[in-house]
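Written out below as structure tokens is the structure these notes cover.
Side chains included, hydrogens not; waters and symmetry mates left out as well; all remaining heavy atoms used.
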Amino acid sequence: MDQHDRTQHYIGGQWVQPSGRDRIAVVNPATEQVIGHVPAGTVDDVDRAVTAARNAFDPGVSMAERRDRVARLVAALEPRLPDIATTIGQEIGAPLKVQRGVQTAVPMAIASSYRDLLEETNFEEQVGNSLVIREPYGVVGAITPWNYPLYQVVAKVLPAVAAGCTVVLKPSEVAPLSGYQFVEAAHEAGLPPGVLNLVTGYGPEVGEAVAGHPGVDLVSFTGSTATGRRVASIAADTIKKVCLELGGKSANIILDDADLDTAVKVGVGNAFLNSGQTCAAWTRMLVPESRYNEALLLARQAAQRYTVGDPFDPATRLGPLASQTQQARVRGYIERAVAGGARLVTGGPEPARERGYFIAPTVLADVHSASELAQQEVFGPVLAVMSYRDDDEALRIANDTMYGLSGAIWSADHRRAIALARQIQTGQLDINGAPYNPRAPFGGYKKSGIGRELGPAGLDEYLQTKSVQLPDSVISQQE
Ligand code: NDP
């Protein structure tokens, strides 16, 4: 048995044997060692899980019960965070600081925000002579990726449970182990059987079975745009609601009056967070022509300060990529960019260490907006620095991709920054490194997705709206 072997799915409140015998190996990307296995689920396993979720779904579930479920889940999750952080360090190679911060503390803040939100939200309102009631949507299929394994699960399961939905969760085959720990917390929290179900397996089998199942009312997917398109097309046959949180190629626009030192330093940090495997990463840095060389120097210095190494060494700031596939993909992007005329400022396509799926922090200059590197999501520690002549050109470049997930603006004049923010086709923007807000709606314009996660907007996705028209006699009694 490997350290993290898991042999069962979680269905109807119990750990159950899978219908098949195939297993999926989970590899530590820093050591290339197999650290555990999970079952390769089947269509039958998904069917059992959806049946359990359907049986557990009660459209009339009380607010008190919903609040109680969320509060108990939050309470059970908190003490597990250190263990989950370690698991995430092992399954995707996130360094200690990332494990403890964005990989676990942030999801915890999001989970707690749903507990608090339920206390504040009004699920009924009167509009004219109508009583408008927001009810749980139904059975949710949640398909999550590997880059922030706990965050992705929390950002779907917590609002779904808060809304009164039941869930079938399929985590990424690359990083499924922390998902098991989350489900153990839910079990300990005493969620009623069937409210949360876990089936692990490959996307094309288990993911597609979830997306296409007639018993699933809503599928919430996070991952690549190509897979999102596939999920949406499969879901279309059964007319289910689809929420998609997809890729990004976000612009970090540094205006000519900005504090360049800070803007470049924070921008590099954002692009390299989690080894650049962040959908919202600012992967294109846009700098005025007059300050381009200065910015490149600062970016190189900042990138070279990143210590690449063992994720469990406190000195490490950059871990490996999550898989060999991902490393090969990222190397290909760097090689093609250089072959296409981009200038390597630091880093490069060679593996940064002999063992493990490492890539050195890489900065590329003279990247043209039409090039592959400026257009496609690389998902590695690779920053493209581009120059612009004036604000109009900066705006044009910022909007010149199929994506629209995130971004940043730096300026000494916040009015100028906000005016520019209004013209950028993106779901989120940070001005001058403003702090993260776990309640702010998060999601994409254009091909970055459909729908929003987090906060009240995230809760809304899991609610149906019913209008009940009231006769004059009832209205007059109210007056
Ligand atoms: P995918 O989009 O393929 O995977 C995301 C999730 O979808 C995983 O749970 C995966 O399962 C599942 N899945 C895969 N194929 C299907 C399918 N046909 N039907 C239903 N579900 C499916 O991401 P990859 O892991 O392949 O990464 C590829 C690229 O995607 C990255 O380089 C990056 O650019 C982007 N990406 C973007 C993310 C984001 O947050 N926006 C997150 C992850 C990746 P399984 O893992 O078992 O295959």
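One distance of note links CG of Asp68 with CG of Leu118; it measures 11.0 Å at 0.5 Å rounding. How far CD of Glu135 is from OG1 of Thr465: 9.0 Å, rounded to the nearest 0.5 Å. The CD atom of Gln181 lies 3.5 Å from the OG1 atom of Thr87; values are rounded to the nearest 0.5 Å. Separation of atoms CG (Leu81) and OG (Ser178) is listed at 11.5 Å; rounding is to 0.5 Å. Distance check, rounded to the nearest 0.5 Å: CD1 of Ile239 to CG of Asp217 gives 13.0 Å. Between Ser323 atom OG and Glu91 atom CD the span is 12.5 Å, to the nearest 0.5 Å.
Between Tyr403 and Gln375 the shortest heavy-atom distance is CE1-O, 3.7 Å. Annotation for Ala394 and Ile253: closest pair CB-CG2, 4.1 Å, computed over non-hydrogen atoms. Shown here for Ala303 and Phe272, the closest heavy-atom pair between the two residues is CB-CE1, 3.7 Å. For the pair Ser411 and Ala417, the tightest heavy-atom approach, listed with the atom from each and the gap, is CB-CB, 4.2 Å. Here the closest non-hydrogen pair linking Leu321 and Gln326 is CD1-O, 3.8 Å. Nearest approach of Arg66 to Val161, heavy atoms of both residues: CG-O, 4.1 Å.
Thr227 contributes no side-chain N or O that, together with a main-chain N or O of Ser224, makes up a donor-acceptor pair within less than 3.5 Å. Without hydrogens or angle criteria, Ser113 side chain to Gly455 main chain gives no donor-acceptor distance under 3.5 Å. A side-chain donor-acceptor contact under 3.5 Å links Ser448 to the backbone of Gly247. At distances below 3.5 Å, at least one donor-acceptor pair connects side-chain atoms of Gln99 with backbone N or O atoms of Ala94. Put simply, the side chain of Arg284 never gets that close to the backbone of Gly407: no donor and acceptor are under 3.5 Å apart. The closest donor-acceptor contact from the side chain of Asp430 to the backbone of Gly433 lies at 3.5 Å or more, if one exists at all. Panel note: side chain Thr346, backbone Thr362; no donor-acceptor pair is recorded below 3.5 Å. Side-chain N or O atoms of Gln464 include none that pairs as donor or acceptor with a backbone N or O of Pro136 at under 3.5 Å. Formation of a donor-acceptor pair under 3.5 Å by the Glu377 side chain with backbone atoms of Lys249 is not found in this model. Between the side chain of Ser275 and the main chain of Pro320, a donor-acceptor pair closer than 3.5 Å is present.
In this structure, Arg452 does not pair ionically with Glu245, as no charged nitrogen and carboxylate oxygen lie closer than 4.0 Å. A salt bridge is absent between Arg396 and Asp392: the closest approach of a Lys/Arg side-chain nitrogen to an acidic carboxylate oxygen does not fall below 4.0 angstrom.
Considering Leu198, Leu191, Leu196 in turn, Leu196 is the only one that fulfils the side-chain contact (heavy atoms from CB on, under 4.5 Å) rule with Val167. When each of Arg416, Arg291, Arg389 is tested with Asp256 by the rule salt bridge (Lys or Arg N to Asp or Glu O under 4.0 Å), just one qualifies, namely Arg416. Tested against Ser220 for a side chain to side chain donor-acceptor pair (under 3.5 Å), the candidates Lys156, Glu461, Gln152, Lys241 yield a single pass: Lys156.
A cation-pi contact, defined as under 6.0 Å to the ring centre and within 45° of the axis, links Arg336 to Tyr333.
In this structure, the side chains of Tyr114 and Leu459 come closer than 4.5 Å at one or more pairs of heavy atoms. Met108 is listed as a side-chain neighbour of Val74, based on a closest heavy-atom distance under 4.5 Å. Side chains of Tyr445 and Ile424 form no contact here, defined as non-hydrogen atoms less than 4.5 Å apart. Contact check for Pro95 versus Arg317: no side-chain heavy atoms found under the 4.5 Å cut-off. Looking only at side-chain heavy atoms (C-beta outward), Asn147 and Phe379 come within less than 4.5 Å of each other. Contact annotation: the side chain of Met285 never approaches that of Val363 to less than 4.5 Å [non-hydrogen atoms, C-beta and beyond]. Looking only at side-chain heavy atoms (C-beta outward), Val102 and Thr278 stay at 4.5 Å or farther from each other. Under the 4.5 Å side-chain criterion, counting only non-hydrogen atoms from C-beta, Val345 is in contact with Arg300.
Side-chain atoms of Gln423 and Asn399 include no donor-acceptor pair closer than 3.5 Å. Checked by atom type, the side-chain pair Tyr357/Thr325 shows no donor-acceptor distance below 3.5 Å.
Enclosure of atom CZ in Arg353 by more than 12 non-hydrogen atoms of other residues, nucleotides or ligands within 6.0 angstrom is indicated. The environment of Glu78 atom CD is sparse: at most 12 non-hydrogen atoms of other residues, nucleotides or ligands sit within 6.0 angstrom. Residue Lys446 places its NZ atom among more than 12 non-hydrogen atoms of other residues, nucleotides or ligands, all under 6.0 Å distant.
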Intermediate values then yes/no, side-chain contact (heavy atoms from CB on, under 4.5 Å), Phe312 and Leu96: CA-CA 6 Å; Phe312 288 89; Leu96 284 169; 4.0 Å; yes
